[in-house]
Structures are given as C-alpha cells and as structure tokens.
Peer 1: 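Submitted below is the structure of interest, expressed as structure tokens.
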2 protein chains.
Amino acid sequence: MSIPTIKFYVREGLLPAGELTSPNQASYGETHVQRLRLIRALLDVGGLSVASIREVILAIDDPERSVHKLLGTVAAGLVPRYDRESHAGIEDARKQVAALIAARGWRVQQGNPASEALAVALAAVDEAGHGAFTEVLDAYADAAERVARVDLDYVAREVAREELVESVVVGTVIGDAIFSALRRMAQTDASDRRYGQST
Amino acid sequence: MSIPTIKFYVREGLLPAGELTSPNQASYGETHVQRLRLIRALLDVGGLSVASIREVILAIDDPERSVHKLLGTVAAGLVPRYDRESHAGIEDARKQVAALIAARGWRVQQGNPASEALAVALAAVDEAGHGAFTEVLDAYADAAERVARVDLDYVAREVAREELVESVVVGTVIGDAIFSALRRMAQTDASDRRYGQST
DNA sequence: GATAGTGGCTAGTGCCACTATCCACACATT
DNA sequence: AATGTGTGGATAGTGGCACTAGCCACTATC
C-alpha cells in the first residue's frame, strides 16, 4: 500500500489522518490498518466506487445509525447507477416487482434502490425477448430468502457494535462476490453434467 | 441509440456492419436490433466491459462452440480482473475452495476463474478479520446449487441454438443482477424484522 | 544541516466507454 | 451541374474515475 494512495484515501474521507506522535511521524494504528483492509476489500472484491465507500464509512462511524439503516446504506452503495431509465417496459416490470414483494410479504420500501434495480433488470430481460425468464423469479426469491437468513444469522452473532457493522458490510458486499462465484461454479458443474459429454 | 455509438460497436466487433441496400443507405435488420439490445443489457445491467462482450459475441457466433464452453466463456467474462493476487492467505483460501469442490462433488476445473475469484474473496474476508464467515459457505453453496439448477432448466427449455445461446447469456449475466437485487431485498426484509423496531 | 517524514494542495496519468470530426465516395435532390 | 445527405473507416478528443506525482511549509531525527 503506497503512501500516495493512503494520502488519497485520507483526502477522500475514507480514512482518518494518522495521529501525530511527533510532527514527522504519524502512527497508523491497528484500526487504520483494519480500515484500509476494509477499503481494499470493498474496492477490489466488492467493486464499490470510492464515493460509495465514503457513504459506507460515514454510516459505520455514525453511532446513531441503526443496523437496519446501515444495511440500507450498504445496499444502496452496491446498486450500480442506472442513468437511462428510459426502458420501454419499466412500468410493467415495476408492477411485477410490486406483485412479487406482496406475494412474498417482504417489508421493502417502494422506491428501494434494490427493487428499482430489479425492475430495470427485468425490463432488460423482457426487452431482449426472454419474457419467460420471469418464471424463475420465484425460485430465485426462495434462494435469496435462504441466503439472506444466513447473512443475518452471521451478523447477529456479533455483539460489539464495531464488529457488527463490519459484519454487515462484509456479509453483504463480499458475500455478494462470494455467492456470485459459487453460482458460476455450480452452473459450470450443472452444465458439465448436462452438456459436457456432447463436446 | 446514437449513430456514433453504433459505429463504435461495429468498430469494436460487437455488431456486424449494416448491409448496404444502396451506397448511402444501410439496412439494420431485426437481428441488428436484437444484438444491440443484448449488448446494452450486458453493458448496463450485467456490467460487462466491451472487451468481455466481444468475447461473448464471438462465442455466440461460433456454431462450433458447445453450450458448455459458451457458458464457460460467459462466466469468464463476468469475473472481474484481479490484478493484485498478492493476498497473504490466498493459498489457504485456494485449499479451502478445493476442499469445498471436493465435498460438493462439483466438476469444476482447478484454475477456473470463478473458483479463483472465490479464493480471492475468501482471502479478503479472512484478511479483514472475519474468518468465521467461512461457516456460511455451505449454506451459500446449497443456494447456489439450487439457483444453478433453475438456470440450466431455463436454458434447456430452448431448442433452437440461436435462442439457446442467448438464454445462456441472459440466464447467467442478467440472472446475476436479478439475484443480487433479490438478495438485497430479502436482506432488507430480514433486517427490518430483526432490527427494524429498534430504530 | 541535510534527510525524510507530515498534511494539504494542484495537476497529471491511464483506462475506458463513448463522441466528434474528417475523409472519400455515391446517390438524391435542386 | 451543384449541393446535400448518408455510408464505412479512421483518428483524435471527452469525461469520469482511481490513483499518482510533485510541490509546499514545517519539523524531528541522523
């Protein structure tokens, strides 16, 4: 980790400045190193932008913020920015999402970034001519519920707040990357079993 | 969709040039529009780079390529590039991944990009001081298997090759985005049920 | 007293997805 | 005939982002 990069992070508000033990020696304690590791994990593995990480860091350092709101902040940081919402079937997709939320009994806000992202993705699928894809939504939702329960169980095992908020971040951001990798591996396996011989 | 953008895609090899009906009028048929929608979906929703999309397009247009290999190509395009493999515990993580593959009986190659990505993510988690996270791996793997089965079922419903390869792409790339969104929604719901009242 | 470190600042780099402009060409309109 | 419009092909420029380099005044250490 080069010095200019650390200076950059400090400037961007991701990292507190080192505490001056003497005017030319700043001590970067264990918390700094820990924070740096978190930043790198969010940046490299989670794929978050620096701006999103700043939001997450602010949420972590705000003791007033509840765990629930923290998770919302992290989730918002994960959602990529969809400039062009000019999709044709976005309204239909939104209704579909609302129906799914109702059917599942999920307590999710209407304008939630995640549900909006889902609507955009569904609209894109539909536009690409794969409307039948919606039939797998239920199976996906089942699996998602299962994963989310595991995630929350993992978060709940922590007691100290500092540990807990980091668990939330790790469990959502890095967990996303881990699950995606596992999914691709499972797909590879399933594909090998079905189509592997025909090559 | 602006003309310069289309020209850019043609230049990058994502899109075949329009067929000249007359020297100053090119006709972009339905296949072109379909291809454009696919590109936009992979770019906006899937988050793939133009270079990755080119690989995917080449795989789609190569009739010799088997479905299994096509899925491998798509999966490879999804994996972000990890420049710095200089993680400390990467070797331990690789062993952990190998153990998981063996325990699951997955037919996954050793140097698979997905399993490598998993190793990097696990190493990052461990480095961030959340080694206990590995305990959720099994639950994740269960859910991933379930999702992968649904994905392959969806792909298998198609008969024509052209439809099939597009299903593979949609089912993996866009499916990833859809599942991530669902996961965040389920997490929001689960979090609300556990911590929502305490705010 | 030269060195090397500090925070703070401005500006530059490299990558990437476009985007703008220019080119020679050919038909269509005026 | 003259002009305009559209084609593919090419080069170069734009804007955003994650750094990265260098300068500044200052100061404890070698």
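Below, chains carry the letters A, B, ... as their sequence lines are ordered, and counting in each starts from 1. Predicted model only: the values in this text are computed from it and were never measured.
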Peer 1: Treat a base pair as Watson-Crick or G-U wobble with both distances under 3.5 Å, then lay out DNA chain D in dot-bracket form, 5' to 3', with | for cross-strand pairs.
Peer 2: ||||||||||||||||||||||||||||||
Peer 1: Checking all strands, does B/I3 fall into the base, sugar-phosphate, or nothing category for heavy-atom contacts under 4.0 angstrom?
Peer 2: nothing
Peer 1: Over how many whole Å does the gap from A/E12 atom CD to C/dG7 atom P extend?
Peer 2: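 Going from A/E12 (CD) to C/dG7 (P), I get 16 Å.
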Peer 1: Are B/Y9 and C/dA17 close enough that a side-chain N or O sits under 4.0 Å from OP1 or OP2?
Peer 2: no
Peer 1: Side-chain polar contacts of residues 175-182 of chain B - donor-acceptor pairs under 3.5 angstrom, sequence neighbours left out - could you list them?
Peer 2:
| unit_1 | atom_1 | unit_2 | atom_2 | d |
| --- | --- | --- | --- | --- |
| B/D176 | OD1 | A/R183 | NH1 | 2.6 |
| B/D176 | OD2 | A/S180 | OG | 3.4 |
| B/S180 | OG | A/D176 | OD2 | 3.4 |
| B/S180 | OG | B/D176 | O | 3.1 |

Peer 1: Taking only residues two or more places apart in sequence or in another chain, which ones pass side-chain hydrogen bond (donor to acceptor under 3.5 Å, both in side chains) with A/S191?
Peer 2: B/H68
Peer 1: Using atom types as modelled and distance alone, determine if a side-chain donor or acceptor of A/T172 lies under 3.5 Å from a backbone N or O of A/V168.
Peer 2: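 Side chain of A/T172 to backbone of A/V168: a pair is present.
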Peer 1: If you round to the nearest 0.5 Å, how far is CZ of B/R54 from CG of B/L15?
Peer 2: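 The distance works out to 13.0 Å.
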Peer 1: Run the side-chain hydrogen bond (donor to acceptor under 3.5 Å, both in side chains) test against B/T31 and tell me which residues pass, sequence neighbours left out.
Peer 2: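 side-chain hydrogen bond (donor to acceptor under 3.5 Å, both in side chains) list for B/T31, sorted by chain: empty.
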Peer 1: For A/L71 and B/Q187, which heavy atoms make the closest approach, and how far apart are they?
Peer 2: CD2-CB, 4.0 Å
Peer 1: Dump every N/O contact between nucleotides 11-16 of chain D and the protein below 3.5 Å, one line per pair.
Peer 2:
none

Peer 1: Does B/K69 offer a backbone N or O that forms a donor-acceptor pair with the side chain of B/T73 under 3.5 Å?
Peer 2: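 Flag set: sc B/T73 to bb B/K69 pair under 3.5 Å.
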Peer 1: Between C1' on C/dC18 and CG on B/D44, what's the gap in Å once rounded to a whole number?
Peer 2: 12 Å
Peer 1: side-chain hydrogen bond (donor to acceptor under 3.5 Å, both in side chains) with B/R146: which residues, sequence neighbours excluded?
Peer 2: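 Result, side-chain hydrogen bond (donor to acceptor under 3.5 Å, both in side chains) vs B/R146: none returned.
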Peer 1: Want to settle it: does A/V10 or B/A51 sit nearer the 5' end of DNA chain C, counting the closest nucleotide to each?
Peer 2: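 Closest to the 5' end, via its nearest nucleotide, is A/V10.
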Peer 1: Is A/D189 salt-bridged to A/R184, going by a charged N under 4.0 Å from an acidic O?
Peer 2: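 Not counted as a salt bridge, because no side-chain N and carboxylate O are separated by less than 4.0 Å.
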Peer 1: Could you please name the option among C/dA17, D/dA18, D/dA21 that lies closest to any side-chain atom of A/F8?
Peer 2: D/dA18
Peer 1: Check the distance between C/dG8's P and A/L15's CG and give it to me in whole angstrom.
Peer 2: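 These atoms are roughly 12 Å apart.
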Peer 1: So, is B/R40 close to the C/dC18 phosphate, meaning a side-chain N or O under 4.0 Å from OP1 or OP2?
Peer 2: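 For C/dC18, OP1/OP2 do have a side-chain N/O of B/R40 under 4.0 Å.
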Peer 1: Atom NZ of B/K7 and atom P of D/dA10: how far apart are they, to the nearest Å?
Peer 2: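 Those two atoms, NZ and P, are 12 Å apart.
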Peer 1: Can you tell which of D/dA21, D/dG9, C/dT19 lies closest to the side chain of A/P4?
Peer 2: D/dA21
Peer 1: Looking at C/dG8, C/dC18, C/dC22, which one has an atom nearest to any side-chain atom of B/T5?
Peer 2: C/dC18
